[in-house]
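A note on names: the letters A, B, ... follow the listed sequences, proteins ahead of strands, and every chain is numbered from 1. As the structure is a prediction and not an experimental result, all values here were calculated from the model.
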Amino acid sequence: MAKIQSGRKINCHIKPHEHTYAFIQALKENKVYIIKLSKDKSGTSFTLFEKDLSIVRRIRKQHKIPIHFTRPDSDSIIQFQWMTLLGLFGFILLPYIFSLFLWQISIDDVSDERQVKLFSELHDLKVNERKMMSKLVSDSEIRQVLLAKNHDLSWIHIKRTGSKMHITSVPAPVISREPSDQKAPSDLVAFRRGVITNYDLTSGERLIPINETVKKGDVLVTGVLKQGDTDIIVGAQGQVFADYWVEMSFQLPTKIVYDKFSSEQVNLFQIRPAWKKFQETQSVDHLVELVKSAFRIERQTIIGKSEFIVSEQWINEAFLPMLRMRTASTLTPKGKIKDEKILHITWTNDTVKGKVLYYMNDNIASKRPIHQGD
Amino acid sequence: MLNNHLQLTPFIHIEDFQNIRVNGPFELIMLSPYACQLNGKGFTLLIEAGDARISSMNVEEVTIKVQDLTRFELKKMDIV
């Protein structure tokens with residue numbers, strides 16, 4: 001007896017035909033295993049294994065018999081066999097297992113050297129590829145360590161997408177003040193009125209003693225040194241700090257109205273306006289417009305108006321500190337605001353006006369090239 | 001109905017009259033819902049029943065499932 005191999009079964013149906021028995025006989029002689037062979041008015045039906053299908057097709061051609069094949073299990077997509085279940089299980093489990101690991105680290109930096117340095121620093125933090133995500137240190141810790149080791153960076157963006165980690169470094173802006181030509185020797189001249197408090201010079205000779213008032217245009221430091229009768233031009237460099245007052249005035253409406261994003265409206269299938277136009281005049285252009293309108297998606301941002309009434313408390317607690325910060329941001333790094341005096345604040349129906357006096361200490365020296373003749 | 005195994009010829013085994021097994025080279029001559037006829041080794045086997053169905057068939061063996069057997073005939077064919 002032939003050994004029955006497991007496999008998928010196929011139902012065959014043959015309509016009444018004179019060569020039916022010869023065909024079945026040929027199948028039998030070609031070792032095709034036939035199951036549930038029966039015959040009725042509509043024809044002959046039997047079942048066979050899928051592995052024999054190629055033999056059946058070959059014999060069918062020889063006998064020129066039409067056969068209708070159906071799968072008894074065609075309505076179930078997944079075959080519940082061990083291998084299928086194992087594959088399905090792997091299909092779900094393997095991606096899950098792989099997603100637990102970090103597979104790719106990429107660093108985006110303008111300098112290749114620093115990129116290598118950042119990689120080695122990540123390595124020191126034990127942030128490596130093929131490592132379990134749960135065992136990695138937190139993003140904030142990575143950022144903290146990298147920023148501490150790289151003072152020329154202002155921020156580290158860490159973006160994790162799936163099992164990839166992308167690090168982008170943001171370099172600190174290079175602050176360059178006094179972009180004036182360093183080669184041309186110059187004097188230092190006061191560009192505003194003030195009382196000299198201290199000098200911070202690298203070259204040049206002081207002309208004005210401390211605590212003396214200077215006007216705009218006074219030479220504070222000379223770049224010409226006298227040695228006997230000869231003048232040696234060295235050029236003055238550095239900063240001269242002085243105290244001075246600056247008056248700031250402001251004017252605000254008492255009622256501030258601002259737009260506030262509240263939601264977004266998405267309109268689909270806006271056919272009606274196009275349909276009306278098409279009904280009015282039935283032209284090709286309107287028809288095209290009608291078809292287009294069916295696929296058009298309109299996004300509309302809905303903005304709500306928000307009102308804010310300015311109060312005295314808000315002026316004192318929020319606005320004035322803000323103004324002070326804004327004023328302070330115009331100073332050099334060593335400059336500071338020493339005092340602040342509110343001269344007046346006037347409230348009218350719809351506006352509030354004010355004047356604030358700041359007592360500041362900052363560099364008042366600017367360079368003026370020394371005229372050396374032709 | 002015979003419950004014991006019955007071997008009628010070298011190629012016919014009857015476990016009971018619902019399952020008839022035929023061994024050896026044979027040829028399916030006729031099959032209908034009520035009858036089945038096989039030829040082989042110079043014999044003709046004719047089965048008539050309320051319902052006759054070949055439950056499996058391969059080169060060496062055929063198993064016929066029979067319900068309400070009415071006729072079971074084994075004839076030696078004339079050698080021409």
Atom CE of residue position A:Met132 - does it have more than 12 heavy atoms of other residues, nucleotides or ligands inside 6.0 Å? yes
Could you state the interatomic distance from CG (A:Leu37) to OG1 (B:Thr63), rounded to the nearest 0.5 Å? 11.5 Å
Who pairs with A:His68 by ring-ring contact (aromatic ring centres under 6.0 Å, His included), at least two apart in sequence or on another chain? none
Scored by heavy-atom pairs under 4.5 Å with chain A, the best of B:Ser32, B:Ala52, B:Pro33 is B:Pro33
Are more than 12 heavy atoms from other residues, nucleotides or ligands located less than 6.0 Å from atom NE2 of A:His13? yes
Going by ring-ring contact (aromatic ring centres under 6.0 Å, His included), name the residues that satisfy it together with A:Phe98, two or more places apart in sequence or in a different chain. A:Trp103
Could you tell me the separation between the CG atom of B:Asn58 and the CG atom of A:Leu48, rounded to the nearest 0.5 Å? 13.0 Å
Polar side-chain atom of A:Gln25 near backbone of B:Phe26 as donor-acceptor pair, under 3.5 Å: yes
Just verifying a value: how many Å separate A:Ser38 OG and B:Asp51 CG, rounded to the nearest 0.5 Å? 8.5 Å
Where does B:Ile29 contact chain A at under 4.5 Å (heavy atoms): side chain, backbone, both or neither? backbone
Measuring from A:Asp40:CG to B:Arg53:CZ, what's the distance to the nearest 0.5 Å? 9.0 Å
Crowding at NZ, A:Lys117 (>12 non-hydrogen neighbours, <6.0 Å): yes
Assess whether side chain to side chain contact (heavy atoms under 4.5 Å, CB included) is satisfied between B:Ile54 and A:Phe46, documenting all intermediate values. CA-CA 9 Å; B:Ile54 292 176; A:Phe46 56 93; over 6 Å; no
Kindly check if the number of other-residue, nucleotide or ligand heavy atoms within 6.0 Å of CD (A:Gln144) is above 12? no
When you measure from the side chain of A:Glu29 to the backbone of B:Val59, do you find a donor-acceptor pair of N or O atoms at a distance under 3.5 Å? no
Are side-chain heavy atoms of A:Ile24 and B:Met57 found at a separation under 4.5 Å? yes
If you count heavy atoms of other groups shown closer than 6.0 angstrom to OH of A:Tyr21, is the number above 12? yes
